[in-house]
Amino acid sequence: MTVDVQADEQAAPATPDLVAALTRRGVTDVDDSVVTRAAYSTDSSLYRVVPQAVVRPRHPDELAAVVDVARELRVPLTMRGAGTSIAGNAVGAGLVVDTLKHLNRVHSVDAEAGTAVVDPGTVHAVLQKAAAPHGWRFGPDPSTHTRCTIGGMIGNNACGSRALGYGRMVDNVEALSVVLGTGEQLELGGDAPRTGGGSVDALDRLAAGDLAQIRTQFGRFGRQVSGYSLEHLLPENGRRVDRFLVGSEGTLGVVAKATVRLVRDAPVRTLVALGYPSMAEAADAVPALLAFPIVACEGLDARIVDIVRRSGKSVPDLPRGAGWMFAEITGETVPETEAVARSLVAVAGALESRIVTDPKEAAALWRIREDGAGLAARSLTRPAYSGWEDAAVPPEHLGAWLRDFDDLLRAHDLDGVPYGHFGDGCVHVRIDFPLVPGAGATTTAADGQAAFRSFIEAAAGALQKYGGSLSGEHGDGRARSELLSTMYDARSLELFAEAKAICDPLGVMNPGNIVDPAPFDADLRASRPRHREPLPLLRFTHDGGSMGDAVHRCTGVGKCLVGGGAGTGTGVMCPSYTATRDEKDSTRGRARVLQEALDGELVGGVTDPAVHDALDLCLACKGCANDCPTGIDMATYKSEVLHQTYAGKRRPRSHYILGRLPMWARLTAPVAGLANASLKAGPIARVARATAGVDQRRSLPQFATRSLRRTARKQGVAAELSSSTAAPDVWIWADSFTNHFQPGSGLAAVRFLESAGLTVRVIDERACCGLTWITTGQLDTARKIAGRTAATLASYVASGVPVVGIEPSCTAALRSDLEELSDDPRAAEVARGVLTFGELLARLVADGRIALPDLTGVEVVAQPHCHQASIMGWETDEHLLKSMGAKVTRVGGCCGLAGNFGVEQGHYEVSVAVAESQLLPAVRAAYARDPETVVLADGMSCKIQLDDLADVPALHLAELLASRV
C-alpha cells in the first residue's frame, strides 16, 4: 500500500522542519528561495510543478540522507540531472534533487576492462572526454550529450542516435550503487554478491511468480521503454536488479554511483545522407538499411533544416527531398566505409544521396539533428510542443505508423514535424497543440487542453495496432504514465504496482509517475494565462510584440548548460552558468523565472526581486540569441525588465555613469588629458569608482586625448555625405567607443584600406548606437538615440558605399537592437547595411580590389566579441585569417567583462571566473608555445579584460593588418 504524498499544484515553500532535518543530516546545499524554486519548477517538458526546495548533494552519503529525510517527513523526492527530461519526470512538488552541480565526477576509467565509474551527475560529454585518451567511448549518445547526465540517462533508459551500434543505456550498465525508497543502500550488478533478504529477494519472488507474463509482455523490441523493464528480472537474463532499475525514472530509488561499459570507437566514420519525398517514404527504407552494419539511422524533416537556413546559418549540401535519412557507417579505413556506403545507397530507394566523408561537414549535419527538439518547436506557424514525443514501433512498421500518425494529426487539425531514431522505430515530434490561444482566437485555454487530451488518447490507442511503446527513450513521466493502461494489460500494471510497493513502500519516490499516475493534462505550463505580461517598450519583432511569447520560446532543452558541463567549444552561451553552475544563472533558469513572473503565482511580475536575482549575472552577451536552438534572447529580456522596473524611478548608480558612458565621454573630450591624469590619482580614482558603481579592483577607462573624428578631420579623411567631396570607396562609422576610447582601431582601418589604394572617409556626424542605454534598460532614451542614428546613417547606407563599424558591440546593436527600438523603415535599412571590418574585407577580396598581407607563421589567439559571434558571426574573420596563412585558435565563450557588467560592484568574481573558463587559459597556453603570439580582440571590453587580468595587449583585426603594411 502506498501513501499519497502528491501536493497541490502550488507547492508551499519548505518548512523549517524539512530544512532543519536536512541540515542535521549534513546536507549543506539546500535552497528554498523563490528564484530557485521557480527555476526548477519545470524541466524540458510541458509541465510546471513548483518544488518546496532544491537539494544539491555534495556526496553520496548526503544523497542517502536526503532519501531518509523524505521518508521520515513523507515529502516527495524527485531526481533531476540536467533537467533535460521531456516527459515531466524531473519535476516534483517536494524535494528536487540536483546531482549536476556537485556529484559530477568520473572516478575512474579502467582501460583494460573497458569500464568507467561515475557519479550520477556526470555529464555524458565529460565521460567521453575522460574515456577518449584510453581509446574508448561511452556508447549511448542522446542529442543532449553535451549536458545530460549519466544518472538521468539511467533514469530514462536513454538511447540516442547510435543505439543501433552501441545499445541502449541498459545494455551499457555494469553495476549500480543505489538507495531504494526503503532506505536500503545496495551494490547491484558487477562482482557484488546478491544480498539475501530485503527488496532484492522480494523482486526475485515477484518475477518468479509470473514468468510467462513477463516473458510475453516485456522486452518485445529494443525501444519498448515504457513502464518497468521487468524482463531483466528473468532468470535467463541473470535476474539483474541493477538493469531492472534502469528506466524506472527515480520512482523506486536513486543512483549514487554507476559502473558503465565502454566501447571501442572505430577510427573512420562515414555519413550517408538520403533524400526522400516524405518522412514516411524515408521510414519505408529502414528495413533495407538495417541489413547493413550501420551504427545510426536517423530521420530528419526538411522543415527543421529550413529553420537553420532562415536563421542565416550555413547548411552543408543535402540531397533533394522533403525528408532525409542519415546513416552512419564506421570502419577501419575510408575505402571500407565508402564501399559499404555505396552498397547501401544502391538499395535505399532514395531520390538522391550524398556520401559525406569530411568530419566537419558531417558534424554540422549531426548538429542540426541534435538541435531537432528546439528547432522543431519553431518550425510551424503556431508554437509546437512536446507531449507526444518519442513513441516507438518495431522498425518494419515505421512507414505505416507515420502515415497513420499523419492522418491522425490532420483529423485533429494539428501539424507536427517528425524526426528521430528511425532505425530503432523511434519518432520524435513537436506538435502545434493550441495550448495558448492566439490573438483574436475564439477558443480558450480549456479548449486547447481538451484538444491536447483528445489527440494524445487517440494516438495512444492507434499506436497499439503496431504493438508500439508509448516511450522509446524518454520515459513515461507525467506525459505518458496515465496512458500505460492502453499499452499493458491489467496484470502488467499490477506487477508495476507490486514492484513499486517493494522498493518504495511509502510512495515518496517521484510520485505521479508510472504507478498511481497523475493526469497527463494536469499541471500544463503552456496553458496558464499570462496575467502579468507587461506592455513592452521593445518591439519583440520575432514574437509578435509579446514578451510572453518571447520568454516561452524556452523549451528547456538545456543547451545553455554546455559551458558548465562539457566546458569547451566556440559557442558563447551561457558564460555566467559556466562560472557559477547554478541553474538560476543559466539561460533556461532565467527564462523559467520570467515565465513564472508572467503566468505563475510564485513570482510577482517582472519587477519582482526574484527576477532581478535571476538576471543579475546575465552578461547581456547575446550568446543565447545565436546558440539557443529556440532563439531565446536574454539580453533583450533583461533590458525590458530593467526598463519596466526603473522607468521614472531612481536607478542604480552604475546606470547613470556606465549606462550613459558615451554622453560622459563626449562631454569630457575637450579635457580628456586632464580627466585621465585625475583618474590616475588614487583617492580620486577610488571616489570615481564608488560614484560610478565600479568595483575598486577595476581600472578606469582612459579617454582618447584626440577622438577618431577629430583626428580624421586633422588628417583630411573626415567627411559628411552632404559635402561636395567625391564619394569615397568606404565610409567608416565612428561609434562612440572607437571615437572616444579606441580611435587607434579606426585609424588602423583607414591606414590599411588606403594602403590598398582605396579612398576612405570617417563619417563626421555623431551617431551613437545607444548600447549602454539599452543594456541598462534606459529604453526611452535609447529609442530616441536609435531614431536619430537611423536617420543619420540611412543616407550613407543608401549611397551604395559600404559603411563599416569598427567596435563589434556597437555594430551588433545596429544589426539587432535598432529594429527592436524603432519601427522607422530606415532602422531596417541600417541594420542590413552596416558591415563589420571582416565582412568588408571579404567583399573587397572577392571583388579583387585588395590583397591581404601574408601572415604565414603567425600564431593568433582570437577572442571574438560575444556580440559579434552571436549577431554577425565571426566565421568570416576566421576564414580571412586562415587564408592569410595565420594559425588561428578561436576562443569560445565570453571574455567576462561584457560592457558594464564586469566592472560593476558585485560582479568582479564572476567576471574573472568567466575569463578563466576559456580566454585566459588559451592565452597562457599560446604564450607558452610562442611568446610572439598575437592576441586578437576587436571589442573594447575584451581588450580591457585582457589588460586588467593578464596585462596582455590585444589588437583589433584592423591593427594587425595595418601593422603588416
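A donor-acceptor contact closer than 3.5 angstrom links the side chains of T541 and E820. For the residue pair H542/D549, the side-chain donor-acceptor check at 3.5 Å is not satisfied.
Here the rule is side-chain hydrogen bond (donor to acceptor under 3.5 Å, both in side chains) with S911, and of E916, E904, R698 only R698 fits it.
Other residues, nucleotides and ligands contribute only 12 or fewer heavy atoms inside 6.0 Å of the CZ atom of R650. The neighbour count for H612 NE2, taken as heavy atoms of other residues, nucleotides or ligands under 6.0 Å away, is above 12. Counting heavy-atom neighbours within 6.0 Å of R697 CZ, excluding the residue itself, gives a total above 12.
At a threshold of 4.5 Å between non-hydrogen side-chain atoms, the residues H867 and L771 count as touching. Looking at M547 and V606, their side chains come closer than 4.5 Å, going by heavy atoms from C-beta outward. You'll find the side chain of W874 reaches within 4.5 Å of the side chain of R890, heavy atoms only. L617 has its side chain within reach of F901: a pair of non-hydrogen atoms, C-beta onward, lies under 4.5 Å apart. Here the side chains of L779 and L642 are not in contact, with every heavy-atom distance at 4.5 Å or above. Considering only heavy atoms from C-beta on, L814 comes within 4.5 Å of W733 through its side chain. Side-chain contact between L747 and T711: present, with at least one pair of heavy atoms (C-beta onward) separated by less than 4.5 Å. Taking the side chain as every heavy atom from C-beta outward, M634 and L615 approach each other to under 4.5 Å.
R651 contributes a side-chain N or O that, together with a main-chain N or O of T776, makes up a donor-acceptor pair within less than 3.5 Å. When atom types are taken as modelled, the side chain of R590 and the backbone of A614 share a donor-acceptor pair closer than 3.5 angstrom. D608 places a side-chain N or O within 3.5 Å of a backbone atom of A610 that can act as its donor or acceptor partner. Checked by atom type and distance alone, the side chain of Q868 never pairs as donor or acceptor with a backbone atom of H865 at under 3.5 Å. Side chain of S586 to backbone of Y577: no donor-acceptor contact under 3.5 angstrom is found. Between the side chain of E533 and the backbone N or O of L598 there is no donor-acceptor pair closer than 3.5 Å. Side-chain N or O atoms of S870 include one that pairs as donor or acceptor with a backbone N or O of C866 at under 3.5 Å. A donor-acceptor pair is defined here as one N or O able to donate and one able to accept, closer than 3.5 Å; such a pair exists between the side chain of S576 and the backbone of D585. Here the side chain of T578 pairs a donor or acceptor atom with the backbone of C574 at under 3.5 angstrom. Without hydrogens or angle criteria, T738 side chain to A734 main chain gives no donor-acceptor distance under 3.5 Å.
Among residues at least two apart or in separate chains, salt bridge (Lys or Arg N to Asp or Glu O under 4.0 Å) pairs with a member in residues 728-741 are D729-R849. Note on residues 625-643: pairs passing salt bridge (Lys or Arg N to Asp or Glu O under 4.0 Å), not counting sequence neighbours, are K622-D633. The ring pair (Phe, Tyr, Trp, His ring centres under 6.0 Å) contacts involving residues 613-660 comprise Y646-H655, where partners must be two or more places apart or lie in separate chains. Residue pairs that meet the salt bridge (Lys or Arg N to Asp or Glu O under 4.0 Å) test with at least one member in residues 656-678, sequence neighbours left out, do not exist here.
For S678, there are no side chain to side chain donor-acceptor pair (under 3.5 Å) partners at least two apart in sequence or on another chain. Residues forming a side chain to side chain donor-acceptor pair (under 3.5 Å) with R826 (at least two apart in sequence, or on another chain): D824. Listed by chain and residue number, E583 satisfy the salt bridge (Lys or Arg N to Asp or Glu O under 4.0 Å) test with R588 (two or more places apart in sequence, or in another chain). The side-chain contact (heavy atoms from CB on, under 4.5 Å) test applied to A719 returns S723, T725, W731, R761, not counting sequence neighbours. The side-chain contact (heavy atoms from CB on, under 4.5 Å) check on A748 picks up R751, A958, E959, A962, with sequence neighbours excluded. For S639, the side chain to side chain donor-acceptor pair (under 3.5 Å) criterion is met by no residue, not counting sequence neighbours. Here R382 pairs with D432 under the side chain to side chain donor-acceptor pair (under 3.5 Å) rule; sequence neighbours left out.
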Report the C-alpha distance between D877 and D938 in whole Å, list the side-chain angles of each, state the deciding distance to 0.1 Å, and finish with yes or no for side chain to side chain contact (heavy atoms under 4.5 Å, CB included). CA-CA 11 Å; D877 299 59; D938 287 2; 4.1 Å; yes
Would V35 and V611 count as a side chain to side chain contact (heavy atoms under 4.5 Å, CB included) if you check the C-alpha gap in whole Å, the side-chain angles of each, and the deciding distance to 0.1 Å? CA-CA 7 Å; V35 65; V611 174; over 6 Å; no
Could you walk me through whether K943 and Q742 pass the side chain to side chain contact (heavy atoms under 4.5 Å, CB included) test, one step at a time? CA-CA 10 Å; K943 287 185 174 184; Q742 305 271 347; 3.7 Å; yes
Could you walk me through whether E807 and S745 pass side chain to side chain donor-acceptor pair (under 3.5 Å), step by step? CA-CA 8 Å; E807 165 60 41; S745 300; over 6 Å; no
Run the side chain to side chain contact (heavy atoms under 4.5 Å, CB included) test on I806 and I732 for me, step by step, so that the C-alpha distance in whole Å, both residues' side-chain angles and the decisive distance to 0.1 Å come before the verdict. CA-CA 8 Å; I806 300 299; I732 289 182; 4.0 Å; yes
Step-by-step side chain to side chain donor-acceptor pair (under 3.5 Å) determination, H907 to D616: CA-CA 9 Å; H907 293 164; D616 178 52; 3.1 Å; yes
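We find the CD-SG distance between Q863 and C942 to be 5.0 Å, quoted to the nearest 0.5 Å. Atom CZ of R766 sits about 10.0 Å away from atom CG of N739, to the nearest 0.5 Å. If you take CG on L920 and CG on L946, they are separated by 6.5 Å, rounding to the nearest 0.5 Å. Here the CD atom belonging to Q595 is positioned 7.5 Å from the OG1 atom belonging to T42, to the nearest 0.5 angstrom.
The shortest heavy-atom contact between A782 and G770 is CB-O, 4.4 Å. Nearest approach of L619 to A898, heavy atoms of both residues: O-CB, 3.5 Å.
Ion pairing of R689 with D695 is absent here, as no side-chain N (NZ or NE/NH1/NH2) approaches a carboxylate O to less than 4.0 Å. Under 4.0 Å is where a charged nitrogen must lie from a carboxylate oxygen, and between E720 and R709 no such pair does. A salt bridge does not link R532 with D599: every distance from a Lys NZ or Arg NE/NH1/NH2 to an Asp or Glu carboxylate oxygen is 4.0 Å or more.
Ring geometry for F741 against F737 counts as tilted: the plane angle lies between 30° and 60°, on a 0 to 90° scale.
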Solution key, residues 793-804 side-chain donor-acceptor pairs under 3.5 Å, sequence neighbours excluded:
unit_1: S795; atom_1: OG; unit_2: T792; atom_2: O; d: 3.3
unit_1: Y796; atom_1: OH; unit_2: L721; atom_2: N; d: 3.1
unit_1: Y796; atom_1: OH; unit_2: E765; atom_2: OE2; d: 2.5
unit_1: S799; atom_1: OG; unit_2: Y796; atom_2: O; d: 2.5
unit_1: S799; atom_1: OG; unit_2: V801; atom_2: N; d: 3.3

